[in-house]
Amino acid sequence: MSAQHDGTSRLTYSLATVPATLATDRPAHLYVVVSNSGPRDVLCQQISVVLPTGDLPKHLLPARRQVTVTAEPADQWTVDEIQGGVLLALPQDETAAFPAEGTKVTVRPANGEPVSPTAHGLLLRITDFRTNARAGTALLAIQETVSIDRGDTWEEHQVTLPVAKFPPTEALTADVVGDLALYEADAQGNPSSSPATLLKPDQKTVLTWTAPPDAVCDVYYGGKPPVRLTHQEKWQLPVTGITRDTHFRVQVTLKRSGETITHHLSTAVAVEEPTIDRLTVKSIKPNGPDNVEKTPYLSIEGAVVVAKACHVTGTLYGENGTLTVGDSVVAKKDLTVGTDMNVTGAVASTGDITTDAQFRDVKGTPLRGQLS
């Protein structure tokens, strides 16, 4: 026995869209979640969903547009598109049991052993389609064939779920707010054809992104104060002075229907020879070739200035005749000693050595005047 009923359905239906706000003439996905939120157990024989198709505002997708439909749990339901825009979900075991929320129902078969009815929730995924080009609200018509008396009688109920489509600038899709990228700048300061991923120090670049003309955009990078841009037809910001790997973040703020909407965009770029003004580290480990003491080199190109004390616990070497500290000290230019200099071995000189202090030979005899 079956009957047609109007009004509230026996099952509960919820709708989610991706993106959360659908835009006209853009890719879209729908998710319909079915469950039993009522006080009575429900058996379901089938659920059909009608997607309005056509080119009017009340239609969801263009006519003759195919969709991809899957169901979860996949081993309990089959889904078919029986005609354009009409979907039919059938349980694998002829009927699907939706126990009442919070209630465990037990039926007793002829052999006397208790059996719990199978619990079915249902997720319908309607994906891989493009909305039509007209803004408006479409109605998804859902018809259920259900029973509340364990299959003695069957009822048909129909419910509708509204789906709104907005123009892309109102829906704020990814192609309306997004596409943040850094480009190398040409001689005229315009962005090149492809985004930059590796820069040379101080290379001229242009940061670009998309946003509606009425947006307010704050650009953050390199620890600098944010740069605010407003009322731009083409969102671009010349960027110079990038000397190390840098992260860019753009905060896009919009006013829609009296509410403030904020989007955050981000990108990053690397610099092949980074320059760091200030660096604080706890440990530096060398990874160069070994020196004469079989210790790996830490190589530094250019002069090193140490503002305070420099402690060397190993042997200190110098190149180009500057300094060698190990078993001896070799000075190719002037050597100034502020206090006594003790020599335990021979003193040899190819020129004059003049001193006002005392030198003593190995026997302790003072030496005065010139030594040669």
Side-chain angles (χ1 to χ4, degrees), residues 172-254 261-291 295-312 316-323:
L172 302 178
T173 55
D175 59 340
V176 174
V177 180
D179 298 330
L180 179 66
L182 189 72
Y183 294 83
E184 297 180 13
D186 59 20
Q188 289 74 37
N190 298 315
S192 60
S193 58
S194 58
T197 57
L198 185 64
L199 300 177
K200 295 180 179 179
D202 289 324
Q203 188 170 354
K204 292 183 179 180
T205 58
V206 181
L207 189 68
T208 70
W209 64 98
T210 57
D214 60 336
V216 176
C217 297
D218 296 300
V219 184
Y220 300 81
Y221 70 96
K224 300 179 180 181
V227 179
R228 170 162 290 190
L229 300 177
T230 59
H231 304 293
Q232 304 286 318
E233 290 294 334
K234 183 183 295 185
W235 296 93
Q236 294 185 355
L237 178 67
V239 177
T240 58
I242 301 298
T243 59
R244 57 189 174 92
D245 297 356
T246 302
H247 176 260
F248 296 88
R249 181 172 65 88
V250 177
Q251 177 178 290
V252 182
T253 305
L254 296 139
I261 302 174
T262 301
H263 289 262
H264 292 275
L265 313 176
S266 64
T267 189
V269 69
V271 176
E272 61 183 25
E273 296 179 1
T275 300
I276 302 175
D277 295 333
R278 299 185 63 182
L279 179 65
T280 301
V281 296
K282 291 184 177 180
S283 176
I284 299 177
K285 295 182 179 180
N287 60 358
D290 291 350
N291 62 8
T295 302
Y297 275 115
L298 173 65
S299 179
I300 300 176
E301 296 183 5
V304 177
V305 176
V306 180
K308 296 183 179 180
C310 178
H311 299 268
V312 179
L316 179 64
Y317 297 93
E319 288 186 344
N320 299 324
T322 54
L323 177 65

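All values derive from a computational prediction rather than experimental measurement.
- Judged by distance alone, with hydrogens and angles left aside, the side-chain atoms of T243 form a donor-acceptor pair with the main-chain N or O of T275 at under 3.5 Å.
- Proximity of I261 to H263: side-chain heavy atoms (C-beta onward) are separated by under 4.5 Å at one or more points.
- Taking both residues in full, the closest heavy atoms of V250 and C217 are given as CG1-CB, 4.1 Å, listed atom of the first, atom of the second, then distance.
- Other residues, nucleotides and ligands contribute at most 12 non-hydrogen atoms within 6.0 Å of the CD atom of E273.
- Here the CG-OG1 distance, from D290 to T295, works out to 7.0 Å after rounding to the nearest 0.5 Å.
- Among all heavy-atom pairs drawn from V252 and A211, the shortest one is CG1-CB, 4.1 Å.
- Sequence neighbours left out, the pairs with a member in residues 213-242 that pass side-chain hydrogen bond (donor to acceptor under 3.5 Å, both in side chains) are D214-R256, D218-R228.
- Considering every non-hydrogen atom in both T262 and T253, the closest pair reads OG1-OG1, 4.1 Å.
- At least one side-chain heavy atom of V177 sits less than 4.5 Å from a side-chain heavy atom of L254.
- For the pair D179 (side chain) and W209 (backbone), a donor-acceptor distance under 3.5 Å is absent.
- Side chains of S192 and D186 form no contact here, defined as non-hydrogen atoms less than 4.5 Å apart.
- Rounded to the nearest 0.5 angstrom, F248 CZ and S266 OG are separated by 11.5 Å.
- The line from CD of Q251 to CG of L265 is 10.0 Å long, rounded to the nearest 0.5 Å.
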Output a table of donor-acceptor pairs, distance under 3.5 Å, between side-chain atoms of residues 197-208 and any protein atom two or more places apart or on a different chain; print 'none' if there are none.
residue: Q203; atom: OE1; partner: K200; partner atom: N; Å: 2.9
residue: Q203; atom: NE2; partner: E184; partner atom: OE1; Å: 3.3
residue: T205; atom: OG1; partner: V239; partner atom: O; Å: 2.9

